[in-house]
Amino acid sequence: MKLRTIVREAILDIAAGTTRAALFALVLAFGIAVPAGADIATIASLERQASQYRLSGGTTLVYQAKAGIDGVACDSLRRAPGVVAAGAIRQRGSAEIAATLPAQEIPTFEISIGFGGFAALGGPHADEGVLVSQDLAETLGASPGQKLPLTDGTPVVGAVYSYPADGRLPGYGYALLIPADPRSAFDECWVEAWPVTGTLNSLLPTTLRPGAVPSGNAGAQGPRLQQLNSSLGAHFDGQSLYGGRVTRFAPELVLVVGLGLGFTAVLRRKLELASARHSGVSPVAQALQMCVESLVWALAGVCLAVPALVLLASVIGDGSSAALPLAAVRVVAGAVPAVVLGALGATLCVRERQLFRYFKAR
């Protein structure tokens, strides 16, 4: 048989309903959408956990050494691989006082000029100007770009940072952060790396000023390292969680579903196929026809499943991650080849000499 004849026969079978293309396309779409959707939902959940861990301050390390931090060295950590934010901070001896609230002191901190970019604070930078906490901004009615009425001046509000009470280090929820000369001594060096890298801890001692580490005094306290927020755990091993998720087997499951459907769709027609061979149709032409028919409904099933997966990814994802589309592609990619291989395998299993047995068993 010529290829044109084979394709025409396949189209006729599909149009006549012999192939049951609509039914198998719907079943395949369901078989793709369920495991792929489960994998997308799992990955989206891991991404939300990672985002929450970072935004809460779990990835921000605080290296503490009273008057022992070199502001310039701390700022320079931003150039280290994986580091997304760094900066030094110290509490000022004298607190600021708002002109509208003269009886209330405002906890005031000084930050190095490179301080900023921390996800836990919402990403503001010291070079924008004075940083005001969200609670203080609401109390004073301050917003970025406005002048802040203080008893000793009116600095411009550079940005408003968020600092909810969710387990973070206390003291910064109602405060002013004022840029200062980074060449002076600071009390803390904040640094954030994302993804978290194990080499970051070894870089933090380079921010110490000479003589910051006490020697010869057993009672003196050395530098301390802690998380800005340890309430969600000391580590977030996203790679292990991603690699250990149960839904990672979704592509293999879709392969099995595709093979099974392709095999079933053809094997149920074994009497028809054996009769055709008995009438002179070659096994090769028959195999090609079954592959064409299976290819048509397999592509239809994929076309039904993909929009549902795209909709799911857009609803539960943030739109900025490539992990969800890649997960869908991994699952969907093997569906059509699996169906065609299953159909081909079933065709090869049909034997003309079994025609009488097929007839009795129908």
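The model shown is predicted, which means the values in this text are computed figures rather than measured ones. Note that the numbering runs from 1 along the sequence shown for the chain.
- With hydrogens and angles ignored, the 3.5 Å screen pairs no side-chain donor or acceptor of Ser294 with any backbone N or O of Cys291.
- Rounding to the nearest 0.5 Å gives a distance of 7.5 Å between CD1 of Ile43 and CD of Glu47.
- Nearest heavy atom pair, residue Pro124 against residue Leu131, reads CB-CD2, 4.0 Å.
- At a threshold of 4.5 Å between non-hydrogen side-chain atoms, the residues Thr207 and Leu77 count as touching.
- Hydrophobic clustering keeps Leu299 apart from Ile14 (ILVMFWY residues linked when any side-chain heavy atoms are closer than 4.5 Å, directly or through intermediates).
- Tested against Asp166 for a side-chain contact (heavy atoms from CB on, under 4.5 Å), the candidates Asn229, Leu232, Leu55 yield a single pass: Asn229.
- By the rule that hydrophobic residues join a cluster once side-chain heavy atoms approach within less than 4.5 Å of another member, Val339 and Val292 end up as members of separate clusters.
- Side chain of Glu128 to main chain of His125: a donor-acceptor pair is present (N/O by atom type, distance under 3.5 Å, no hydrogens or angles).
- Between the side chain of Arg78 and the backbone N or O of Gly116 there is at least one donor-acceptor pair closer than 3.5 Å.
- Scanning for side chain to side chain contact (heavy atoms under 4.5 Å, CB included) contacts around Arg92 gives Ser94, Glu96, Thr108, Glu110, Ile178, with sequence neighbours left out.
- Linking ILVMFWY residues whenever their side-chain heavy atoms come closer than 4.5 Å, directly or via other members, places Val62 and Leu177 in the same cluster.
- Asp39 and Ala250 get closest at one heavy-atom pair: CB-CB, 4.2 Å.
- To the nearest 0.5 Å, atom CG of residue Leu28 and atom CH2 of residue Trp297 are 6.0 Å apart.
- In this structure, the side chains of Leu140 and Ile106 come closer than 4.5 Å at one or more pairs of heavy atoms.
- Nearest heavy-atom pair, Pro35 versus Leu253, reported as atom, atom and distance to 0.1 Å: CB-CD2, 3.9 Å.
- In this structure, Tyr242 and Thr42 have side chains that are not in contact, with every pair of non-hydrogen atoms separated by 4.5 Å or more.
- From Thr206, atom OG1 reaches atom CG of Asp70 across 9.0 Å, with rounding to the nearest 0.5 Å.
- Taken from CE in Met290 to CG in Leu295, the straight-line distance is 13.0 Å, to the nearest 0.5 Å.
- Minimum interatomic distance between Ser162 and Gly122 (heavy atoms only, all atoms of both residues): OG-N, 4.1 Å.
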Item to check | Worked check of side chain to side chain contact (heavy atoms under 4.5 Å, CB included) between Ile89 and Asp187 | outcome: CA-CA 6 Å; Ile89 187 171; Asp187 298 334; over 6 Å; no

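- Between Thr19 and Glu293, the side chains place a donor N or O and an acceptor N or O closer than 3.5 Å (distance only, hydrogens not considered).
- Ser76 contributes a side-chain N or O that, together with a main-chain N or O of Ala73, makes up a donor-acceptor pair within less than 3.5 Å.
- For the atom pair CD (Gln286) and CG (Leu344), the distance works out to 11.5 Å, reported to the nearest 0.5 Å.
- Put simply, the side chain of Ser230 never gets that close to the backbone of Gln227: no donor and acceptor are under 3.5 Å apart.
- In this structure a side-chain-to-backbone donor-acceptor pair under 3.5 Å is present from Ser133 to Ala175.
- The backbone N or O of Leu241 sits nowhere less than 3.5 Å from a side-chain atom of Arg245 that would complete a donor-acceptor pair.
- Taking 4.5 Å as the limit, some side-chain heavy atom of Thr139 sits within range of a side-chain heavy atom of Leu101.
- Residues Val156 and Ile111 do not share a hydrophobic cluster, clusters being chains of Ile/Leu/Val/Met/Phe/Trp/Tyr side chains in contact below 4.5 Å.
- Counting non-hydrogen atoms of neighbouring residues, nucleotides and ligands closer than 6.0 angstrom, the CZ atom of Arg20 reaches no more than 12 such neighbours.
- A donor-acceptor contact under 3.5 angstrom links the side chains of Asp75 and Ser112, judged on distance only.
- Within the 4.5 Å cutoff, the side chain of Asp127 has no heavy atoms near those of the Pro179 side chain.
- Applying the ring-ring contact (aromatic ring centres under 6.0 Å, His included) definition to pairs two or more places apart or across chains, those involving residues 126-179 are Phe109-Tyr172, Tyr163-Tyr172, Tyr172-Trp190.
- Leu255 and Gly334 make their closest contact through CD2-O, 3.3 Å (heavy atoms, listed as atom of the first residue, atom of the second, distance).
- Within the 4.5 Å cutoff, the side chain of Leu61 has heavy atoms near those of the Asn201 side chain.
- Without hydrogens or angle criteria, Glu192 side chain to Ala119 main chain gives a donor-acceptor distance under 3.5 Å.
- Nearest heavy atom pair, residue Ala33 against residue Leu309, reads O-CD2, 3.8 Å.
- With a 4.5 Å cut-off on side-chain heavy atoms, Tyr63 and Ile69 count as touching.
- Judged purely by atom type and a 3.5 angstrom limit, Ser240 has no side-chain atom pairing as donor or acceptor with the backbone of Asp237.
- With no hydrogens or angles considered, a side-chain donor-acceptor pair links Arg90 and Ser184 at under 3.5 Å.
- Side-chain atoms of Arg168 never come within 3.5 Å of backbone atoms of Gly58 as a donor-acceptor pair (strictly under, hydrogens ignored).
- A chain of hydrophobic side-chain contacts below 4.5 Å, direct or via other Ile, Leu, Val, Met, Phe, Trp or Tyr residues, connects Val310 to Val254.
- Contact annotation: the side chain of Leu176 approaches that of Leu150 to within less than 4.5 Å [non-hydrogen atoms, C-beta and beyond].
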